[in-house]
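In this chain, residues are counted from 1 in sequence order.
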Amino acid sequence: MTKIYIYCLFDRIDGLHGVYSSIKAAHRDALRLCNKGNSQVYVKVGNENHNPSVTLLRNLFKGELDVKVEYTSDKNRVQIVKTKLRE
């Protein structure tokens with residue numbers, strides 16, 4: 001059986017914005033949606049803020065399932081959830 005992972009992108013009001021099979025595309029659209037306002041976009045990991053990158057996102061998702069990663073700025077918040085297709 002093939003494992004197919006999907007990345008779901010939710011906006012600040014928890015509305016589904018998109019479903020992706022590519023982590024790069026999910027990261028790109030998360031940055032685009034969250035980059036509104038005057039501050040920089042950060043990836044929130046626990047209580048720490050990190051600069052967003054595809055490598056960081058890939059490492060956070062590595063080996064995990066049903067995990068949420070939050071992108072934040074001063075005016076917006078976006079979440080990416082990693083899950084897999086189930087029969």
Side-chain angles (χ1 to χ4, degrees):
M1 189 164 119
T2 304
K3 293 181 183 178
I4 299 174
Y5 296 108
I6 58 173
Y7 305 94
C8 302
L9 183 62
F10 294 94
D11 59 13
R12 64 185 167 106
I13 57 173
D14 292 332
L16 180 64
H17 191 274
V19 178
Y20 304 88
S21 62
S22 166
I23 198 167
K24 280 184 175 181
H27 171 75
R28 178 197 64 221
D29 285 355
L31 283 177
R32 186 179 52 82
L33 283 173
C34 199
N35 195 16
K36 310 230 190 285
N38 298 323
S39 75
Q40 183 177 351
V41 177
Y42 293 104
V43 174
K44 192 171 184 179
V45 179
N47 292 330
E48 298 179 10
N49 290 330
H50 296 276
N51 291 327
S53 70
V54 175
T55 305
L56 174 66
L57 187 61
R58 186 173 287 125
N59 289 339
L60 291 173
F61 283 148
K62 192 172 194 177
E64 300 290 327
L65 193 61
D66 296 329
V67 176
K68 293 181 183 179
V69 174
E70 187 172 290
Y71 286 62
T72 60
S73 67
D74 63 345
K75 292 191 176 185
N76 221 346
R77 179 181 61 87
V78 176
Q79 289 183 344
I80 299 177
V81 178
K82 177 187 176 185
T83 189
K84 70 177 184 176
L85 291 178
R86 297 182 178 101
E87 291 183 30

- Return the minimal non-hydrogen interatomic distance between Asp74 and Asn38, and the atom names on each side. OD2-N, 3.2 Å

- Item | The single option from Ser53, Pro52, Ser73 passing side-chain contact (heavy atoms from CB on, under 4.5 Å) against Leu31 | Pro52

- Query: When you look at Asp29 and Tyr20, which way does the side chain to side chain contact (heavy atoms under 4.5 Å, CB included) test go after all the steps?
  - Reply: CA-CA 10 Å; Asp29 285 355; Tyr20 304 88; 2.4 Å; yes

- Task: To the nearest 0.5 angstrom, please state how far the NZ atom of Lys36 sits from the CZ atom of Arg12.
- Result: 10.0 Å

- Message: I'd like to check the side chain to side chain contact (heavy atoms under 4.5 Å, CB included) partners of Ile4; sequence neighbours left out, ordered by chain and number.
- Response: Thr2, Leu85

- Message: Taking Gln79's backbone N and O only, do any of them form a donor-acceptor pair with Lys68's side chain (distance below 3.5 Å, no angle check)?
- Response: no

- Check whether any side-chain heavy atom of Leu57 sits under 4.5 Å from a side-chain heavy atom of Val43, and report yes or no. no

- Item | Side chains of Leu60 and Lys82 in contact at under 4.5 Å (non-hydrogen atoms) | no

- Query: What heavy-atom pair brings His50 and Leu56 nearest, and what distance separates the two atoms?
  - Reply: CB-CD2, 3.7 Å

- Shared ILVMFWY cluster between Tyr71 and Val45, side chains joined below 4.5 angstrom? yes

- Minimal non-hydrogen separation, Val67 against Glu64, with atom names: CG2-CB, 3.2 Å

- Item | Co-membership, hydrophobic cluster, residues Val41 and Ile23, 4.5 Å side-chain | yes

- Would a hydrophobic clustering, with Ile, Leu, Val, Met, Phe, Trp and Tyr connected at side-chain separations under 4.5 Å, put Leu65 with Val19? no

- Query: Do the two ring centres, one from Tyr5 and one from Phe61, sit under 6.0 Å apart?
  - Reply: no

- Item | Residues forming a side-chain hydrogen bond (donor to acceptor under 3.5 Å, both in side chains) with Asp14, sequence neighbours excluded | none

- Query: OG1/Thr83 to CD1/Ile6 distance, rounded to the nearest 0.5 angstrom?
  - Reply: 5.5 Å

- Item | Minimum-distance pair of heavy atoms, taken over all atoms of Arg77 and Thr72 | CG-CG2, 4.2 Å

- Item | Heavy-atom closest pair, residues Leu33 and Asn76 | O-ND2, 2.7 Å

- Query: Minimum heavy-atom separation for Ala26 to Tyr7, with atom names?
  - Reply: CB-CB, 4.0 Å

